[in-house]
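The structure appears right after this line, and notes come after that.
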There are 2 protein chains.
Amino acid sequence: MSDATTLARAPAEPRKRDAEATRAAILNAAKGHFARLGYDCAVLRHIAQDAGVDVALVKRYFGGKEALFVEALKASFLADGMRAWDRATFAQEIAITLADSPHVDEERTHRFQFLLRAATSPTTAPLLNVLIQDRFLEPIRAWLGGADADARARVLAASYIGFLVERLVRGEALEGRERRVFIDRVSAIFAGLMTVSDGPP
Amino acid sequence: MSDATTLARAPAEPRKRDAEATRAAILNAAKGHFARLGYDCAVLRHIAQDAGVDVALVKRYFGGKEALFVEALKASFLADGMRAWDRATFAQEIAITLADSPHVDEERTHRFQFLLRAATSPTTAPLLNVLIQDRFLEPIRAWLGGADADARARVLAASYIGFLVERLVRGEALEGRERRVFIDRVSAIFAGLMTVSDGPP
DNA sequence: CAGCTATGTCAACACGCATTGACTTATCTC
DNA sequence: GAGATAAGTCAATGCGTGTTGACATAGCTG
């Protein structure tokens with residue numbers, strides 16, 4: 001396998017010299033690998049190979065693995081934030097996505113998987129607190145609005161992550177009645193968190 | 001640091017020769033390390049050192065890292081299952097625990113962290129499907145009972161895992177009003193999942 | 001075209017880890 | 001008490017990884 005790939009890759013394209021482009025290619029490959037494998041299991045060599053460049057370039061452009069990780073994490077979150085979700089369909093839409101297979105949605109949930117992997121790796125968890133607050137919790141909080149938005153955002157974010165994990169280990173879409181009930185229950189939870197509480201002000 | 005511990009440990013106790021005991025010590029240390037660090041970041045040498053034995057013994061008694069992991073995982077789940085929770089206070093109790101710092105509860109949630117870490121490591125995730133079904137989802141399902149217990153158990157388990165992650169990255173207890181609202185919302189979710197649906201049979 | 005600089009390549013190094021087999025010694029049996 | 005066997009120790013090996021600096025060359029600049 002190893003010699004096959006080596007031989008196949010070698011004479012392909014001498015690769016145009018373009019700093020911007022290769023930097024972007026590395027970053028892009030890194031996002032995927034970190035999201036799929038987490039910091040500890042991701043391998044620089046594989047990332048580089050995926051981007052079609054030499055490993056040494058990640059040092060030149062990013063300085064090291066950890067720096068690359070931080071950069072990729074930021075870039076992943078820059079994407080769209082808590083964009084204009086339709087409040088009427090939000091809960092249902094998310095629930096359906098979560099009932100599906102993890103593979104149908106890879107593009108959109110990549111950044112959340114990234115977050116999940118980062119949060120559960122003991123190496124990277126310490127780097128997260130600020131980013132979580134600023135780019136994850138805060139947008140959700142703002143989008144939710146109303147009283148106690150901070151606590152509600154916390155619960156919403158946590159549940160979401162949990163469903164993400166569940167979908168990850170489940171590996172395939174839910175079917176039939178279980179799927180329907182799952183969607184109902186999950187969307188009920190999200191919907192409940194969108195409404196402001198009945199408690200004292 | 002290294003020489004200090006080495007010197008301190010060396011002349012302490014020559015360690016009685018007891019296969020059962022050392023095997024148990026290794027397993028016990030392993031449970032803690034795997035739960036805290038996950039499979040990939042856990043280090044056999046540290047586990048052995050923690051158990052007060054030589055690394056070579058984990059090979060003798062378990063065969064290798066992966067085998068030790070599986071053993072520890074099983075042992076962790078054997079503990080008590082979904083034991084006799086009081087249905088009246090269940091939701092509230094869990095919510096309070098989740099609002100607290102992850103450190104106050106280490107003993108009881110160790111096995112769930114173990115599960116979480118195992119589920120989110122790409123190396124060990126494949127080993128989990130059966131165990132998840134048999135020793136995690138199924139007990140919850142049985143405890144919940146009623147219609148659509150499988151789907152509800154799924155949602156309950158997923159939410160719980162999510163809250164666990166949130167508490168993990170939060171690192172400290174919630175305080176004041178945010179804490180109260182958090183507890184209310186979370187226990188509402190769990191309570192909701194305990195009641196059988198209003199949908200069609 | 002000559003020469004310079006940014007860009008890309010290569011081969012090694014250092015380190016941590018799991019694994020392994022040969023060696024030592026306690027504990028038990030006859 | 002002598003010998004056997006289980007229990008524990010030690011040092012070394014091999015592999016994968018991040019990192020690094022020396023080297024090659026494309027593409028621009030004068």
Side-chain angles (χ1 to χ4, degrees), chain A residues 1-3 5-27 29-30 33-34 37-72 121-124 127, chain B residues 1-3 5-7 9-27 29-30 33-34 37-72 121-124:
Chain A
M1 191 218 275
S2 57
D3 42 356
T5 53
T6 322
L7 291 177
R9 287 288 165 96
E13 334 157 21
R15 186 160 196 87
K16 297 289 181 190
R17 297 204 164 185
D18 183 345
E20 289 290 318
T22 53
R23 200 191 133 95
I26 294 173
L27 197 64
H33 282 248
F34 283 137
L37 303 171
Y39 179 82
D40 306 292
C41 293
V43 174
L44 282 193
R45 284 182 157 84
H46 298 168
I47 294 179
Q49 178 177 335
D50 202 1
V53 305
D54 189 276
V55 205
L57 290 195
V58 11
K59 178 201 161 73
R60 191 195 290 294
Y61 286 120
F62 297 93
K65 189 180 186 181
E66 187 164 318
L68 174 62
F69 177 83
V70 173
E71 203 83 3
S121 158
T123 318
T124 55
L127 303 172
Chain B
M1 190 216 278
S2 56
D3 41 356
T5 51
T6 322
L7 291 176
R9 288 288 166 96
E13 335 157 21
R15 185 160 197 88
K16 296 289 182 191
R17 298 204 162 184
D18 183 345
E20 290 290 316
T22 53
R23 199 191 133 94
I26 294 173
L27 197 65
H33 282 247
F34 283 137
L37 303 170
Y39 179 83
D40 307 292
C41 294
V43 174
L44 281 193
R45 283 182 158 84
H46 297 168
I47 293 178
Q49 178 177 335
D50 201 0
V53 305
D54 189 275
V55 206
L57 289 196
V58 9
K59 178 200 161 73
R60 190 195 289 294
Y61 286 121
F62 297 92
K65 189 180 186 181
E66 187 165 318
L68 173 62
F69 177 83
V70 173
E71 204 83 2
S121 158
T123 318
T124 54

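Please read these numbers as outputs of a predicted model, since none were measured by experiment. In what follows, chains carry the letters A, B, and so on, assigned in the order in which the sequence lines appear, proteins first and then strands, with residues in each chain numbered from 1.
For the OP1/OP2 pair of D/dG8 and a distance below 4.0 Å, the side-chain nitrogens and oxygens of B/T22 include at least one atom meeting the criterion. Listed pair B/K59 / C/dT20 meets the phosphate criterion, a side-chain N or O lying under 4.0 Å from OP1 or OP2.
In the set D/dA7, C/dT9, D/dT9, C/dT9 carries the atom at the smallest distance from any side-chain atom of A/D54. Closest contact between the side chain of B/R45 and the listed nucleotides D/dG27, C/dT9, D/dA12 involves D/dA12. Side-chain proximity of B/L57 to the nucleotides D/dT9, D/dG21, D/dT17 is greatest for D/dT9. The nucleotide whose nearest atom lies closest to any side-chain atom of B/R17 is, among D/dG8, C/dT9, C/dG21, D/dG8.
Rounded to whole angstrom, the span from the CG atom of B/D40 across to the C1' atom of D/dT17 amounts to 14 Å. In this structure, A/R60 places its CZ atom 14 Å from C1' of D/dT19, rounding to the nearest Å. Rounding to whole angstrom units, NZ of residue A/K65 and P of D/dG16 are separated by 15 Å. Counting to the nearest Å, the C1' atom of C/dT19 and the CD atom of B/E66 are 14 Å from each other. Rounded to whole angstrom, the span from the CZ atom of A/F62 across to the P atom of D/dT19 amounts to 13 Å. Remark: P of C/dC15 and CG of A/L44 are 18 Å apart, rounded to the nearest angstrom. Residue A/E20 contributes atom CD, which lies 15 Å from atom P of C/dA6 at whole-angstrom precision. The nearest whole Å value for the distance from the NE2 atom in A/H33 to the P atom in D/dT17 is 12 Å.
Of the possible polar contacts, none joining the B/K65 side chain to the B/V58 backbone as a donor-acceptor pair under 3.5 Å is found.
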* Worked verdict on A/F62 versus A/L27 for side-chain contact (heavy atoms from CB on, under 4.5 Å) -> CA-CA 9 Å; A/F62 297 93; A/L27 197 64; 3.8 Å; yes
* **A/E66 vs A/L127, side-chain contact (heavy atoms from CB on, under 4.5 Å): CA-CA, chis, key distance, verdict** => CA-CA 10 Å; A/E66 187 164 318; A/L127 303 172; 4.1 Å; yes
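One finds the CZ atom of B/R60 at 10.5 Å from the CD1 atom of B/I26 (value rounded to the nearest 0.5 Å).
When heavy atoms are screened at a 4.0 angstrom cut-off, B/V55 is found touching base atoms of the nucleic acid. Residue contacts for B/A42: at a heavy-atom cut-off of 4.0 Å it reaches the sugar-phosphate backbone alone, with no base atom in range. Counting non-hydrogen atoms under 4.0 angstrom, B/A56 reaches a base of the nucleic acid.
Note: B/Y39 and B/F34 have parallel aromatic rings, judged against thresholds of 30 and 60 degrees for the angle between ring planes.
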